[in-house]
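All remarks here apply to the structure that follows.
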Amino acid sequence: MQDLAEVAQDFVGKVRDRSVVIGVIGLGYVGIPLALAALRQGIRVVGFDIDRARVDQINAGRETIKHIPMDLIVAGLAAGRFEATTDFDRLSEPDALLICVPTPLSRQREPDLSYVEQTTRAIGRRLRPGQLIVLESTTYPGTTDELMRPILEEASGLTSGREFFLAYSPEREDPGNAQFGTSDIPKVVGGDGPSALAMADALYGALVVRTVPVSSTATAEAVKLTENIFRAVNIALVNELKQVYAAMGIDIWEVIDAAKTKPFGFMPFYPGPGLGGHCIPIDPFYLTWKAREFDIATRFIELAGQINTEMPYRVVDRLAELVDRQLGRSFSGARILVLGLAYKKNVEDMRESPALKLIELIEARGAQAAYHDPHIPAIRKSRKHGALAARPSTPLTADAIAGFDAVLIATDHDDVDYALVAAHAKLVVDTRNACARHGLTGATIFKA
């Protein structure tokens, strides 16, 4: 058998001459951009997913995610350099397997690593000597070493660092970001031993602008959590400041715009109706859960989570107050149009979107809720908000707007006619400062 140095050198050589074959497991918001980054470098990719409909759609060259172009996928399909499959028996084919599966929270806000565990077991049954396995999914420090490694070794009879190689490299996707795509963002890499690190570093070095090697998989896992906890805590801070300043008659958005002119010591974060997306509402709780193992209370992080979780409730309180005060009617029975369903502007991504919670809270208080989103024609099924599935987007017309008692701006998509909304709505409650940014003010427009 080859020694470790020879195995690593062979792998690096394959990366260098682009003969390496990559398997991407999970063809969603992380997996597809990663596959595209490899295809741009002339590397063959096999994509794995359990969703047969998604696999068929990709293999037909049809768009699965609006902001991700399919031209490279189509070219890769035609050239035989890309294919998607549900056949996990083919996991032994690629030289490297990159795991991009969901890591949600349970209803009790505990880590749900079932997708990672199931994927790891599937790999373990087909693992062959010399393969590199990399987890990209966000998780708590220790997952790669404490959860994945024992499963892979037991299922395969092989040893990590000797016969197969294990690494962690956290995804850093920002859906809809036109400035920074997958290949433009430095990639943090941690390996289970020096050979795994060298192989993962070489692989990602071929895909992205630069790599950032760290000392262990746990360190790499901690880097990802730190990035998103930083954002969650600072968003919680401005959400709290918004409430304080509103009581004083001060506009938080004006304060932030002025504060960010300072060229050092300040970074702007903005308030909103709650957190959304696949990272910020979830990742901090992975660390708080793991910290309990060491008898450490993460009070600061948990307080930030509490503030951000409360925001949809505070927004609906403000909305109900304004309906009562400005329109002179009970909130129960009122008709509310939620403007924007995606968790951030200009994308179709509704994962963990606070707009879904807003709709549920509005209806729980006896009002009727509809939504308009130019990117989401109907609400897709989700684990947390299954009762809302298939509800269609309401066309944004003057008559439709006038038929609602209030319009609640939850997501500030650019391709929305806010002037039309302001002109015909009885009441506008804006959680994103969208109206002010478009120069729209008036007696019927309020911030929340």
Side-chain angles (χ1 to χ4, degrees), residues 29 102-116 137-143 170-175 218 221-247 252 256 267-319 341-344 349-362 364 382-385 410-411 431-432 448:
Y29 287 90
T103 48
L105 292 172
S106 70
R107 290 190 178 275
Q108 293 75 35
R109 292 184 176 258
E110 294 184 344
D112 177 0
L113 292 178
S114 57
Y115 296 102
V116 172
S137 308
T138 304
T139 185
Y140 59 80
T143 300
E171 58 89 3
R172 282 175 159 177
E173 288 299 316
D174 185 16
E221 290 160 339
V223 169
K224 174 64 174 178
L225 290 184
T226 300
E227 292 170 358
N228 287 331
I229 289 168
F230 174 80
R231 295 176 66 190
V233 167
N234 280 281
I235 291 169
L237 173 62
V238 294
N239 277 330
E240 187 166 70
L241 289 175
K242 179 181 73 172
Q243 298 166 47
V244 175
Y245 291 151
I252 181 65
I256 294 169
M267 179 181 294
F269 289 84
Y270 296 92
L275 291 182
H278 63 298
C279 287
I280 305 178
I282 296 172
D283 298 353
F285 295 103
Y286 268 68
L287 188 61
T288 60
W289 178 85
K290 185 66 174 178
R292 294 185 203 123
E293 181 181 322
F294 300 90
D295 295 326
I296 297 174
T298 52
R299 293 188 296 272
F300 201 69
I301 297 171
E302 292 181 46
L303 177 60
Q306 178 184 339
I307 292 171
N308 290 325
T309 301
E310 288 174 354
M311 290 313 297
Y313 295 87
R314 293 187 177 275
V315 167
V316 174
D317 285 345
R318 172 72 166 154
L319 174 64
L341 190 74
Y343 85 89
K344 63 180 289 190
D349 194 344
M350 49 171 269
R351 290 174 295 171
E352 303 293 329
S353 174
L356 297 167
K357 184 66 175 180
L358 290 170
I359 291 172
E360 291 180 342
L361 292 174
I362 288 167
S382 64
R383 296 204 307 176
K384 290 174 63 175
H385 307 282
T411 311
T431 71
R432 300 288 190 177

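Starting from 1, each residue takes its place in the sequence as its number. In what follows, every heavy atom counts, from backbone to side chain, and hydrogens, waters and symmetry copies are set aside.
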Under 3.5 Å, is there a donor-acceptor pair linking the side chains of Glu310 and Gln306?
yes
Residue pair [X] / [Y]: nearest heavy atoms and the distance that separates them:
| X | Y | answer |
| --- | --- | --- |
| Thr138 | Thr103 | O-OG1, 2.6 Å |
| Arg318 | Ala448 | CG-CB, 3.6 Å |
| Thr411 | Arg432 | CA-NE, 4.1 Å |
| Glu221 | Gly142 | OE1-N, 2.6 Å |
| Thr298 | Ala291 | CG2-CB, 3.7 Å |
| Pro354 | Gly274 | CG-O, 3.4 Å |

Which residues pass the side-chain contact (heavy atoms from CB on, under 4.5 Å) test with Asp112, sequence neighbours left out?
Pro104, Ser114, Arg383
What's the verdict on side-chain contact (heavy atoms from CB on, under 4.5 Å) for Lys344 and Asp349, showing C-alpha distance, side-chain angles and the deciding distance?
CA-CA 8 Å; Lys344 63 180 289 190; Asp349 194 344; 5.8 Å; no
Is the shortest heavy-atom distance from the side chain of [X] to the side chain of [Y] under 4.5 Å?
| X | Y | value |
| --- | --- | --- |
| Phe230 | Ile235 | no |
| Arg314 | Leu319 | no |
| Ile359 | Leu341 | yes |
| Leu287 | Pro141 | yes |

When rounded to the nearest 0.5 angstrom, what distance separates [atom1] in [X] from [atom2] in [Y]?
| X | Y | atom1 | atom2 | result |
| --- | --- | --- | --- | --- |
| Ile296 | Lys290 | CD1 | NZ | 11.5 Å |
| Asp283 | Leu225 | CG | CG | 6.0 Å |
| Glu360 | Ile362 | CD | CD1 | 10.5 Å |
| Ser382 | Lys384 | OG | NZ | 8.5 Å |
| Leu275 | Ser353 | CG | OG | 11.0 Å |

Start with the C-alpha distance between Trp289 and Leu105, add both sets of side-chain angles, then the distance that settles side-chain contact (heavy atoms from CB on, under 4.5 Å), and finish with yes or no.
CA-CA 11 Å; Trp289 178 85; Leu105 292 172; over 6 Å; no
Output yes when a side-chain donor or acceptor of [X] lies under 3.5 Å from a complementary backbone atom of [Y], and no otherwise.
| X | Y | answer |
| --- | --- | --- |
| Asn239 | Met311 | no |
| Thr139 | Thr143 | no |
| Lys242 | Tyr270 | no |
| Lys224 | Glu171 | yes |
| Thr309 | Gly305 | yes |

Between Arg299 and Glu302, does any side-chain N to carboxylate O distance fall below 4.0 Å?
no
Arg351 NZ/CZ over Tyr29 ring centroid, <6.0 Å and within 45° of normal
yes
Determine, step by step, whether Leu237 and Phe269 satisfy the side-chain contact (heavy atoms from CB on, under 4.5 Å) criterion, reporting the C-alpha distance in whole Å, the side-chain angles of both residues, the deciding distance to 0.1 Å, and the verdict.
CA-CA 9 Å; Leu237 173 62; Phe269 289 84; over 6 Å; no
Tell me whether the count of non-hydrogen atoms from other residues, nucleotides or ligands lying under 6.0 Å of CD in Glu227 goes above 12.
yes
Quick check on Arg292: does its CZ atom have over 12 non-hydrogen neighbours (other residues, nucleotides or ligands) under 6.0 Å away?
yes
Any chance the rings of Tyr140 and Phe285 have centres within less than 6.0 Å?
no
Derivation and outcome, side-chain contact (heavy atoms from CB on, under 4.5 Å), residues His385 and Met350:
CA-CA 11 Å; His385 307 282; Met350 49 171 269; over 6 Å; no
